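In this text, all values refer to a predicted model and were calculated from it rather than measured experimentally.
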Amino acid sequence: MCTVSFVFANNSFLLTSNRDEKITRPSAIEPKVYQTATKKIIYPKDTKAGGTWFVVDEFGNVIILLNGGKTKHIAKEKYRLSRGVIVLELMASNAIVSTWKTIDLTDIEPFTLLVLENKQPFQLQWSGEEKSIIELDVNQTYIWSSSTLYSPVIQKQRAEWFEQYMNEIKEISAEKMKIFHKNTEPKDAKNGLIINRDNLYKTLSVTQVVISGNSILVNHSDLIQDEEYSITF
């Protein structure tokens, strides 16, 4: 939920997310298939609040959460509802972007969403006071770094790492994107793609969805337990 990339290449959507969190947060449940009232969805479950930072449905719609909006905010001690629960509410609506326009986000902590709906990517953002919607170019590559953990200078530097990597690799693939998310600047424990900030904040997992035609594959790497999970519809 703190580093997210979007790539469309070789007729496949590749969306990859690194989850940076306090190590004191309870371990998440690995991705599983859940049945809602209208469809099947896959997501890893946050055991603390019951929500998620990464969900995909059987039709290839995706929502990925990043903590924070455009700029870093001062967090309150308590909010009305977890952002991860909002993610599940939006996915259950079957009309993510339309529902975003009307959903009540009063007293919800600022956040950013990467949404893929009907094969069209969007950035949805909540500042704590107002919402925004940006329709993205499906043929462009994108990377986001959470404003709560990465300053604008570091966000720019990470974007430059991403651009350089994308220019250097000969062929884009799901595996190549996982390599970027797991191995970029490994000596930089504070701002590399895999962080360990004084054993207080760590990158806990890397989750990726690969959507190619009617095929949907979710790969999840639990970096703390050193376990790999793959699940499909």
field: Contact check, side chains of V62 and I211, non-hydrogen atoms, under 4.5 Å
entry: yes
To the nearest 0.5 Å, atom CG of L124 lies from atom CZ of F111 at 8.0 Å
inquiry  = One pair to check against side-chain hydrogen bond (donor to acceptor under 3.5 Å, both in side chains): S12 and N10. What are the steps and the verdict?
reply    = CA-CA 5 Å; S12 296; N10 303 316; over 6 Å; no
Q. Taking a hydrophobic cluster as the set of Ile, Leu, Val, Met, Phe, Trp and Tyr residues connected by side-chain heavy atoms closer than 4.5 Å, whether directly or through intermediates, do V206 and I224 fall within one such cluster?
A. no
Tightest non-hydrogen contact, residues L88 and G50, listed as CD1-O, 3.7 Å
Heavy atoms of P31 and I231 approach each other most closely as O-CD1, 3.9 Å
Requested in this report: Indicate yes or no for a side-chain donor-acceptor contact from E30 to the backbone of Y43 under 3.5 Å, with no hydrogens or angles considered.
Outcome: no
Would a distance-only check, ignoring hydrogens and angles, find a side-chain to backbone donor-acceptor pair under 3.5 Å from S221 to L223?
-> no
| message | Could you walk me through whether E227 and Y229 satisfy the side-chain hydrogen bond (donor to acceptor under 3.5 Å, both in side chains) test, starting with their C-alpha distance in whole Å, then the side-chain angles of each, then the deciding distance to 0.1 Å, before giving a yes or no? | response | CA-CA 7 Å; E227 294 180 338; Y229 301 91; 2.5 Å; yes
Side-chain heavy atoms nearer than 4.5 Å, only ILVMFWY residues, links allowed to pass through others: does that put I179 and V210 together?
yes
Separation between CG (N61) and CD (E117), nearest 0.5 Å, reads 5.5 Å
>> If you count heavy atoms of other groups shown closer than 6.0 angstrom to CG of D104, is the number above 12?
In response: yes
ask   = Within the distance-only criterion (no hydrogens, no angle test), does the side chain of Q208 pair as donor or acceptor with the backbone N or O of A174 below 3.5 angstrom?
value = yes
Point to revise | Audit row: Y150, I195, side-chain contact (heavy atoms from CB on, under 4.5 Å) steps and yes/no | key: CA-CA 11 Å; Y150 304 99; I195 66 167; 3.4 Å; yes
Exercise for the section: Answer yes or no: does atom NZ of K178 have more than 12 heavy-atom neighbours from other residues, nucleotides or ligands under 6.0 Å? Expected result: yes
- Answer yes or no: is there a side-chain heavy-atom contact under 4.5 Å between F180 and S5? no
### Query
Is the backbone of T106 close enough, under 3.5 Å, to the side chain of R80 for a donor and an acceptor to pair up by distance?
yes
* Residues S205 and D222: side-chain donor-acceptor under 3.5 angstrom -> no
| Is there a side-chain contact between L15 and F6 (heavy atoms, below 4.5 Å)? | yes
When hydrophobic residues are tied together by side-chain contacts of less than 4.5 Å, even through go-betweens, does F233 share a cluster with L217?
no
For this session: Can you establish whether the number of heavy atoms outside E130 located under 6.0 Å from its atom CD is more than 12?
Result: no
Test of understanding: clusters of I, L, V, M, F, W, Y form through side-chain heavy atoms closer than 4.5 Å, transitively. Do I64 and I133 belong to the same one? yes
Interatomic distance, CH2@W100 vs OG@S132, rounded to 0.5 Å, equals 7.0 Å
* Asked: Any chain of hydrophobic side-chain contacts (each under 4.5 Å) joining Y165 to V4?
  -> no
Sidechain N-carboxylate O distance under 4.0 Å for K76, D107 = yes
Decide yes or no on side-chain hydrogen bond (donor to acceptor under 3.5 Å, both in side chains) for N67 and T148, but give the supporting numbers first. CA-CA 7 Å; N67 290 338; T148 60; 5.0 Å; no
So, S173 side chain and K176 main chain: donor-acceptor pair closer than 3.5 Å or not? yes
- Below 4.5 Å, heavy atoms only, C-beta onward: do T207 and W53 meet side chain to side chain? yes
What one should report as the nearest heavy-atom pair of R158 and G192 is NH2-O, 2.9 Å
Neighbour count above 12 (heavy atom, 6.0 Å) for Y142 OH: yes
- For G68, does its backbone N or O pair with a side-chain atom of T112 as donor and acceptor, under 3.5 Å? yes
Separation between OG (S145) and CG (L193), nearest 0.5 Å, reads 7.5 Å
* Do other residues, nucleotides or ligands put more than 12 heavy atoms under 6.0 Å from the CG atom of N214? -> no
* Looking only at side chains, do H181 and T3 share a donor and an acceptor under 3.5 Å apart? -> no
Check your understanding: Does a salt bridge link E58 with K39, judged by any charged N lying under 4.0 Å from a carboxylate O?
Key -> no
From the list I103, I63, L65, side chain to side chain contact (heavy atoms under 4.5 Å, CB included) partner of I86 resolves to I103
Subject >> Verdict with supporting geometry, E89 and L81, side-chain contact (heavy atoms from CB on, under 4.5 Å) >> reply: CA-CA 11 Å; E89 286 186 7; L81 198 64; 3.8 Å; yes
Smallest heavy-atom separation, M166 atom then T141 atom, equals CE-CG2, 4.0 Å
Distance col, row H73:NE2 vs S147:OG, nearest 0.5 angstrom, shows 7.0 Å
Correct closest heavy-atom pair for D20 and C2 would be OD2-CB, 3.3 Å
- Message: Can you confirm whether K156 is buried at NZ, in the sense that more than 12 heavy atoms of other residues, nucleotides or ligands lie under 6.0 Å from that atom?
- Response: no
Point to revise | Q120 atom CD, neighbour heavy-atom count above 12 within 6.0 Å | key: yes
Using side-chain heavy atoms (C-beta onward) and a distance below 4.5 Å, is N219 in contact with S230? yes
Are side-chain heavy atoms of K32 and K45 found at a separation under 4.5 Å? no
So NZ of K131 and CG of L105: to nearest 0.5 Å the spacing works out to 5.0 Å
I'd like to check V138 versus F8 (side-chain heavy atoms, cut-off strictly below 4.5 Å). Are they in contact? yes
Step by step, would you call T36 with D57 a side-chain contact (heavy atoms from CB on, under 4.5 Å)?
CA-CA 10 Å; T36 73; D57 71 15; over 6 Å; no
Next item on the list: Please report the C-alpha distance between Q157 and E185 in whole Å, then the side-chain angles of each, then the deciding distance to 0.1 Å, and finally whether the side-chain contact (heavy atoms from CB on, under 4.5 Å) criterion is met.
Entry: CA-CA 11 Å; Q157 183 180 60; E185 300 296 322; over 6 Å; no
Could you tell me whether a side-chain N or O of R197 sits under 3.5 Å from a main-chain N or O of K202, the two making a donor and an acceptor? no
Any heavy-atom pair between the side chains of Q123 and W144 that's under 4.5 Å?
yes
>> Donor-acceptor pair, distance only, cut-off 3.5 Å: does the side chain of W161 make one with the backbone of T184?
In response: no
